[in-house]
Amino acid sequence: MNDDKSTAPTNFIRNIIDKNLAANLYANKTWAGQPGPSKTHKNASIDAAKIRTRFPPEPNGYLHFGHAKSIILNFSLAQDYGGRCHLRFDDTNPEKENEEYVKSIIDGVHWLGYKFQDEYENNLYYASNYFDHMYDAAKVLINAGLGYVDKQTADEIRINRGTLTDPGKNSPYRDQSIDDNLQLFEEMKAGKYKDGEMVLRAKINMASPNINLRDPAIYRIRHVPHHNTGDKWCIYPMYTFAHPIEDALEKITHSICTLEFEDQRPFYEWVLKKLAEFEFFDKPLPKQHEFSRLNLSHVVLSKRKLIQLVEDNYVNGWDDPRMPTLVGAKRRGYHPKGFKLFMDRIGVSKSDSIIDYQTFEDAMRDVLNQECNRKIAVLNPIKLIIENFDENHTEICTVPNHPQKPEEGNREVKLTKELWIEAEDFEIIPPPKYFRLFPGNKVRLRYGFVVECTDYELDNEGHVTTVYCNYFPETKSGTEGSDSIKVKGNIHWLSTNFSKEITIRNYDRLFLSENPSELDNFLDDINQSSIETKSAYCEESISDVKTGEQFQFERHGYYIVDPESNSDEIIFNRTATLRDNWQK
RNA sequence: AGGGGAGUCGCCAAGCUGGUUAAGGCACAGGGUUUUGAUCCCUGCAUGCGAAGGUUCGAAUCCUUCCUCCCCUGCCA
């Protein structure tokens with residue numbers, strides 16, 4: 001599974017990096033060991049990191065599968081090219097961000113298996129720690145006549161921005177003197193003005209066909225305390241201005257973001273080019289590259305919709321195993337290695353795409369098959385009584401913990417006269433090609449004996465309650481006679497005397513249609529049977545299991561111990577079923 | 001409508017400085033192994049690269065026109 005080197009990730013971003021490296025673009029790039037403008041890095045040594053990438057989340061929500069794509073992309077690039085990947089909180093909007101999200105994001109990145117700190121560097125950064133630099137950068141622009149304080153209202157600015165087809169109109173404050181702008185900007189910072197009263201704008205071109213270049217706002221007034229800087233600031237930079245600066249301060253080489261920022265790239269480049277002209281930054285400057293975000297079928301990934309699912313209680317919180325969040329994935333039993341395999345398989349490109357959920361699930365199965373030891377569980381029990389079996393006898397059966405990994409060892413399971421088997425493993429009138437139990441048919445009790453069905457019993461409603469069999473003592477698994485009777489069917493079982501009751505939560509997809517986001521109301525599309533809770537029997541060896549432990553219940557699927565388990569009740573969440581090629 | 005992107009097998013995705021039988025994965029179909037109808041292993045699966053023209057000995061790759069889809073008019077990111 002990990003020898004998936006045939007699918008060796010090659011994508012347009014790697015091609016760009018290869019080309020940049022071949023051109024020796026970063027040969028003279030210095031790094032002072034910490035972020036800063038050109039003066040910080042000026043006399044520093046050559047950066048040991050061949051490239052620098054970053055994952056820059058805004059701490060205003062929980063990480064989801066889409067973030068996982070970006071995290072894995074950026075960190076694996078840094079890993080593969082001998083570089084570094086920074087985790088940077090893009091916390092420039094105090095109204096939405098908080099520490100709780102910061103913590104959960106750090107946990108999520110760690111959970112996926114990535115480190116951003118070691119004995120050499122600690123690459124955990126906050127955009128809010130750069131506010132002084134950003135303020136300085138804004139003044140550089142103002143001094144160069146490239147920035148002005150606009151007293152128009154938000155509405156006026158919007159109207160004067162023009163439309164997609166009509167050019168905008170210059171602000172009456174556009175030609176204010178540099179000194180006035182400087183003074184106004186300082187007064188903004190000093191708290192002299194109210195929220196929204198004025199804004200600092202870059203002076204570019206109000207007639208640009210690219211709306212992002214029509215004198216974008218770069219600083220706004222917000223008298224709101226910040227989770228990191230407290231009351232120090234009442235003006236905050238806009239993302240479009242802050243982001244290129246953050247990247248340049250951190251000497252990022254490849255600034256990778258999603259497609260919707262493509263139109264923003266000219267401004268990103270404008271900011272850096274101007275600041276480099278005034279020696280605020282050194283070359284090489286970071287370059288922005290865009291890839292298409294992850295879309296998964298049968299899933300919603302927009303923050304707004306995710307919040308709705310949680311707040312309106314369609315799911316039980318952000319870590320509900322049905323949620324496409326990282327905390328949900330962890331609780332569902334999705335494995336970090338599975339995420340990486342999945343990302344390798346789907347690649348990175350610029351085309352919009354919707355990936356089958358099946359592809360994701362299949363990558364998980366691949367990983368889980370390797371990672372999980374096996375257990376036996378009977379989920380839908382009916383009784384099987386071996387008529388010719390001594391009711392005082394207990395037969396010890398040896399069971400391998402992992403069929404492909406003998407080094408995982410064996411365990412013992414006890415077989416007695418009265419057993420639980422799956423209701424699905426018996427049919428009164430078998431469908432074509434059915435090779436499990438039916439009257440007259442022989443089947444192997446996995447790891448035990450071959451039995452032949454002699455009779456069965458029904459309840460008042462016609463449901464099978466008990467199946468009667470005779471066993472063939474010479475056919476015990478692992479003995480010479482085990483092959484003396486050939487059978488096709490092979491079913492699992494548990495002694496009614498030696499089994500433990502557990503709780504099972506079988507999860508299924510949360511949405512019925514392929515693309516719920518396209519629907520008028522995605523909430524109508526919720527799968528009402530996305531969770532099924534039931535009690536089941538499991539082998540005794542399950543008793544001392546711990547939260548987070550994962551197993552394959554043979555012939556069923558992959559299960560993980562839920563945190564809500566306690567000494568009285570062990571709860572298992574179904575991560576995924578096994579593939580099933582058998583159709584009736 | 002102005003600007004920016006994307007269209008290669010059911011779903012992804014290489015290739016795209018022109019020259020190979022158009023990689024690979026997932027899915028699917030068939031076969032083998034197997035005490036999980038799982039895993040694993042084989043085999044098959046685009047005369048075709050959004051469409052139409054053109055250039056060329058030769059085009060998915062170059063040119064022209066057209067079509068479809070996505071993104072952009074926050075003092076969000």
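Note on naming: letters A, B, ... go to the chains in the order of the sequence lines (proteins, then strands), and numbering restarts at 1 for each one. Computed from heavy atoms alone, side chains included, the values below leave out hydrogens, waters and symmetry copies.
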*Asks:* Is there a side-chain contact between A:Ser351 and the phosphate of B:A13, meaning an N or O under 4.0 Å from OP1 or OP2?
*Replies:*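 Yes, because at least one side-chain N or O of A:Ser351 sits under 4.0 Å from OP1 or OP2 of B:A13.
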*Asks:* Please step through salt bridge (charged side-chain N to carboxylate O under 4.0 Å, His left out) for the pair A:Arg446 and A:Asp425, ending with a clear verdict.
*Replies:* CA-CA 12 Å; A:Arg446 196 161 161 72; A:Asp425 287 338; over 6 Å; no
*Asks:* Looking across every strand, which nucleic acid part, if any, lies under 4.0 Å from A:Leu578 by heavy atom: base, sugar-phosphate, or nothing?
*Replies:*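 Base contact - A:Leu578 has a heavy atom under 4.0 Å of at least one base atom.
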*Asks:* Any side-chain N or O of A:Arg220 under 4.0 Å from OP1/OP2 of B:A77?
*Replies:*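 For B:A77, OP1 or OP2 has a side-chain N or O of A:Arg220 closer than 4.0 Å.
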*Asks:* What is the distance, to the nearest angstrom, from the CG atom on A:Asp362 to the C1' atom on B:G25?
*Replies:*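 Whole-Å distance recorded here is 10 Å.
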*Asks:* Got A:Asn212 and A:Thr240 here, is their nearest side-chain heavy-atom distance under 4.5 Å?
*Replies:*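 No. Closest side-chain heavy atoms not under 4.5 Å.
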*Asks:* Base, sugar-phosphate, or nothing for A:Lys433, non-hydrogen atoms under 4.0 angstrom?
*Replies:*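 A:Lys433: base contact, heavy atoms under 4.0 Å.
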*Asks:* Quick one: does A:Glu197's side chain have a donor or acceptor within less than 3.5 Å of a partner on A:Lys194's backbone?
*Replies:*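 Side chain of A:Glu197 to backbone of A:Lys194, a donor-acceptor pair under 3.5 Å: yes, one is there.
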*Asks:* Could you tell me whether A:Arg54 and A:Glu250 make a salt bridge, using a distance below 4.0 angstrom between a side-chain N and a carboxylate O?
*Replies:*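 A salt bridge is absent here (no side-chain N lies under 4.0 Å from a carboxylate O).
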*Asks:* Quick one: list whatever passes side-chain hydrogen bond (donor to acceptor under 3.5 Å, both in side chains) with A:Glu262, sequence neighbours left out.
*Replies:*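 Result, side-chain hydrogen bond (donor to acceptor under 3.5 Å, both in side chains) vs A:Glu262: A:Lys350.
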*Asks:* What contact category does A:Gln552 fall into here, base, sugar-phosphate, or nothing, at under 4.0 angstrom with non-hydrogen atoms?
*Replies:*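 A:Gln552: base contact, heavy atoms under 4.0 Å.
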*Asks:* Looking at A:Arg444 and A:Ser482, would you say the former's side chain and the latter's main chain have a donor-acceptor pair under 3.5 Å?
*Replies:*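 Confirmed, A:Arg444 side chain pairs with A:Ser482 backbone.
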*Asks:* Regarding A:Lys192 and A:Glu186, does a basic nitrogen lie under 4.0 Å from an acidic carboxylate oxygen?
*Replies:*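 Not counted as a salt bridge, because no side-chain N and carboxylate O are separated by less than 4.0 Å.
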*Asks:* Can you work out whether A:Arg555 or A:Asn11 has the more 5'-proximal nearest nucleotide on RNA chain B?
*Replies:*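 Its nucleotide being nearer the 5' end, the pick is A:Asn11.
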*Asks:* Looking at A:Thr92, I'd like to know whether one of its side-chain N or O atoms comes within less than 4.0 Å of OP1 or OP2 on B:A77.
*Replies:*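 True: A:Thr92 side-chain N/O within range (under 4.0 Å) of B:A77 OP1/OP2.
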*Asks:* With heavy atoms under 4.0 Å as the rule, sort A:Gly478 into base, sugar-phosphate or nothing.
*Replies:*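 Base, at least one base heavy atom under 4.0 Å.
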*Asks:* Does the plane of the ring in A:Phe522 sit parallel, tilted or perpendicular to the ring in A:Phe511? Use 30° and 60° as the thresholds.
*Replies:*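 Rings of A:Phe522 and A:Phe511: tilted, 30 to 60°.
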*Asks:* Does A:Arg444 or A:Ile346 map to a spot on RNA chain B nearer the 5' end, using the closest nucleotide for each?
*Replies:*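 Nearest nucleotide further toward 5': that of A:Ile346.
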*Asks:* If you look at every strand shown and take non-hydrogen atoms under 4.0 Å, does A:Pro266 touch a base, only sugar-phosphate, or nothing?
*Replies:*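 Result for A:Pro266 = nothing.
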*Asks:* Report yes if a donor N or O on one partner sits less than 3.5 Å from an acceptor N or O on the other, where the partners are the side chain of A:Arg265 and the base of B:G4; otherwise report no.
*Replies:*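 Side chain to base: no pair present.
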*Asks:* Identify, with sequence neighbours excluded, every residue that meets side-chain hydrogen bond (donor to acceptor under 3.5 Å, both in side chains) alongside A:Tyr239.
*Replies:*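 Checked A:Tyr239 against side-chain hydrogen bond (donor to acceptor under 3.5 Å, both in side chains); zero matches.
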*Asks:* Report, one pair per line, the protein and nucleotides 70-74 of chain B atoms (nitrogen or oxygen only) whose separation is under 3.5 Å.
*Replies:*
unit_1 : atom_1 : unit_2   : atom_2 : d
B:C70  : O4'    : A:Asp352 : OD2    : 3.4
B:U73  : O2'    : A:Arg161 : NE     : 3.2
B:G74  : OP2    : A:Arg161 : NH2    : 3.1

*Asks:* In whole angstrom, give the distance that lies between atom CD1 of A:Ile13 and atom P of B:A13.
*Replies:*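 So the CD1-P distance, A:Ile13 to B:A13, works out to 12 Å.
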*Asks:* Please report, rounded to the nearest Å, how far the P atom of B:C75 is from the CD1 atom of A:Ile159.
*Replies:*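 So the two atoms are 12 Å apart, to the nearest Å.
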*Asks:* Run the salt-bridge test on A:Arg265 and A:Glu290 with the 4.0 Å N-O cut-off and return the result as yes or no.
*Replies:*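 Looking at A:Glu290 together with A:Arg265, the answer is yes, because their closest N to O distance falls below 4.0 Å.
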*Asks:* Could you tell me the separation between the CD1 atom of A:Ile218 and the P atom of B:A77, rounded to a whole number of Å?
*Replies:*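 About 13 Å, once rounded to whole Å.
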*Asks:* Is the glycosidic angle of B:G25 within 90° of 0, making it syn, or outside that range, making it anti?
*Replies:*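 What B:G25 shows is an anti base, its glycosidic angle lying more than 90° from 0.
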*Asks:* How is A:Arg374 classified with respect to the nucleic acid when contacts are heavy atoms under 4.0 Å: base, sugar-phosphate, or nothing?
*Replies:*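 Answer is base: heavy atoms of A:Arg374 come under 4.0 Å of a base.
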*Asks:* With a non-hydrogen cut-off below 4.0 angstrom, is A:Glu95 in contact with a base, only sugar-phosphate, or nothing?
*Replies:*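 Touches nothing.
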*Asks:* Describe the nucleic acid contact of A:Phe435 in one word from base, sugar-phosphate, nothing, applying a heavy-atom distance below 4.0 Å.
*Replies:*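 Base, at least one base heavy atom under 4.0 Å.
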*Asks:* Taking A:Arg88 first and then A:Asp247, would you say they form a salt bridge - that is, a charged N and a carboxylate O separated by under 4.0 Å?
*Replies:*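 The answer is yes: the pair qualifies as a salt bridge.
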*Asks:* Taking donor-acceptor contacts at under 3.5 Å, does the side chain of A:Gln404 reach the base of B:A38?
*Replies:*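 Such a pair is found, so the answer is yes.
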*Asks:* Who are the side-chain hydrogen bond (donor to acceptor under 3.5 Å, both in side chains) partners of A:Glu95, not counting sequence neighbours?
*Replies:*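 Per chain and number, A:Glu95 pairs via side-chain hydrogen bond (donor to acceptor under 3.5 Å, both in side chains) with A:Arg222.
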*Asks:* Does the distance from a Lys or Arg side-chain N to an Asp or Glu carboxylate O, for A:Glu260 and A:Arg293, drop under 4.0 Å?
*Replies:*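 Yes, this pair counts.
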*Asks:* Taking RNA chain B as the partner, which of residues 56-68 of chain A come within under 4.0 angstrom of it by heavy atom?
*Replies:*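 Within residues 56-68 of chain A, the residues near RNA chain B are A:Glu58.
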*Asks:* Given the rule that a pair is Watson-Crick or G-U wobble with both distances under 3.5 Å, how would you write RNA chain B in dot-bracket, using | for pairs to a different strand?
*Replies:* .(((((((.[[[..)...(....]]].(((((.......))))).....[[[[[..)....]]]]])))))).....
